[in-house]
Amino acid sequence: MVVATPTPLLRRSNNKKKTAAFGVPIIDLSDDKSIASEMIVKACEDYGFFKVVNHGVPKKVIARMEREAADFFSRPISEKGRAGPAAPFGYGSKNIGFNGDKGDLEYILLEANPLSLSQRAKNFSNDPSTFSSVTNDYVSGVRKLSCDILELVAEGLWIEDNSIFSKLISNSHNDSCFRVNHYPPFIAPNNDEDELNNNHWDLSPNSSKSKVGFGEHTDPQILTILRSNDVSGLQIYTHDGFWIPVPPDPNEFFVFVGDSFQALTNGRFTSVRHRVVSINSWKSRMSMMYFAAPALDAWISAPPQINNISTSNIYRPFKWGDFKQIVYSLRLADSRLDYFKNHTQS
Ligand SMILES: C=C1C[C@]23C[C@@]1(O)CC[C@H]2[C@@]12CC[C@H](O)[C@@](C)(C(=O)O1)[C@H]2[C@@H]3C(=O)O
Ligand SMILES: O=C(O)CCC(=O)C(=O)O
Ligand SMILES: [Fe+2]
């Protein structure tokens, strides 16, 4: 069943882009399969984003991962620096990617496979075997969740082979990665008590009352599974032009449609633009993202079952590895799929 959680109208903004009230679609994975699959497809079409409850990832696995990451971020900068700079994997601070993007955060970016995790673990903990086993358990849990969701999507799209999407990421050569972001507390200068109580301050990023933690972008992979602590900041951009804040929920996961899923569904789903804006919190935000990607040599191409006889393909087929190369040559906010449009498309 999908339950709309009404979010109060948060803030007025002078920005051209509007900020509005919104109910995040919620998918309950303990629901009947046919209901859940229909709901997921609708959420992917309408928002490219939803929250999932009864997800099956054990609380203990999540709590252990959170503890390992928090321990690492609490170390002195001189120690953390030894695990960096992120290129793209490792420890990064303020710099995102290679093309000049900046954010008010530090992060860990890792390849989500057991061999790489065990090789890198010594940079992140004094107890590397615990760090790699905790990270492996977390990654296995969210990978399974991604596969469950992708199977439901295939069912919701009436595709006979329900593993058509999930097999891309369960393949042993999958190129998925795992990221933990840590945003420092941000206290706006000269807070006016009355303004704060009435929730009327400007939410546009980099106003004096907020700061860009992670600039607007879409994720390039197939799906992203995000979990955060209870500190807010995540916003998504809706099809009708609103930036809307997503209330954090440490017990559940948020799912984002990525660019590759947009291509795999021939534009029926669109990858969701999102960003993190730090707004008045004495506590730091910590978020963990699993980016579910296929193998570098896997083809990204919409299966024929997606299209009507009369529908033409918006994108030419491409290999994930070729797409990734373009992704890394561009800035965070760029629309990379445009480079793969069929020439007949405008
Ligand atoms: C600026 C960049 C960082 C990024 C690679 C890119 O060139 C453009 C996409 C960025 C992004 C966004 C989603 C994920 O956080 C990420 C790991 C990814 O796959 O694409 C990051 C890349 C990164 O931080 O390395
Ligand atoms: O930190 C967050 O909450 C979101 C970060 C994000 O979108 C990303 O790392 O791609
Ligand atoms: Fe993202």
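Indexing begins at 1, ligand by ligand and atom by atom, following the structure's order. Everything numeric in this text was worked out from a predicted model, so none of it was measured.
In this structure, M289 does not count as a contact residue of ligand 1, since none of its heavy atoms falls inside 4.0 Å of the ligand. For R336, the heavy-atom gap to ligand 1 drops under 4.0 angstrom.
Under 4.0 angstrom from ligand 2, the non-hydrogen atoms of D219 all belong to its side chain. Residue-level proximity to ligand 2 for L226 is carried by the side chain, the only part with a heavy atom below 4.0 angstrom. Contacts with ligand 2 closer than 4.0 Å are made by side-chain heavy atoms of F291 only, the backbone lying farther away. Counting heavy atoms under 4.0 Å from ligand 2, residue R285 touches it through the side chain alone.
The atom of D219 nearest to the Fe ion (ligand 3) is OD1, with the search restricted to N, O or S atoms.
Inspection of the D219 and H274 side chains reveals an N or O donor paired with an N or O acceptor under 3.5 Å.
Put simply, the side chain of L117 does not reach to within 4.5 Å of the side chain of Q119, judged on heavy atoms.
Relative ring orientation between F318 and F323 is described as tilted, the plane-to-plane angle lying within the 30° to 60° band. Classification of the F256-F49 ring pair by plane angle, with boundaries at 30° and 60°, yields perpendicular. The aromatic rings of F131 and F124 lie parallel to each other, their planes meeting at an angle below 30°, with 60° marking the opposite boundary.
Residue contact check: D101 has heavy atoms under 4.0 Å from atoms 1 (C) of ligand 1. In summary, the atoms of ligand 1 found under 4.0 Å from a heavy atom of I96, numbered by their order in the structure, are 1 (C), 3 (C), 24 (O).
Residue contacts with ligand 1: R179 is placed with a nitrogen or oxygen under 3.5 Å of a nitrogen or oxygen of the ligand (distance criterion only).
The residue from M289, H217, M288 that puts a heavy atom closest to atom 10 (O) of ligand 2 is H217.
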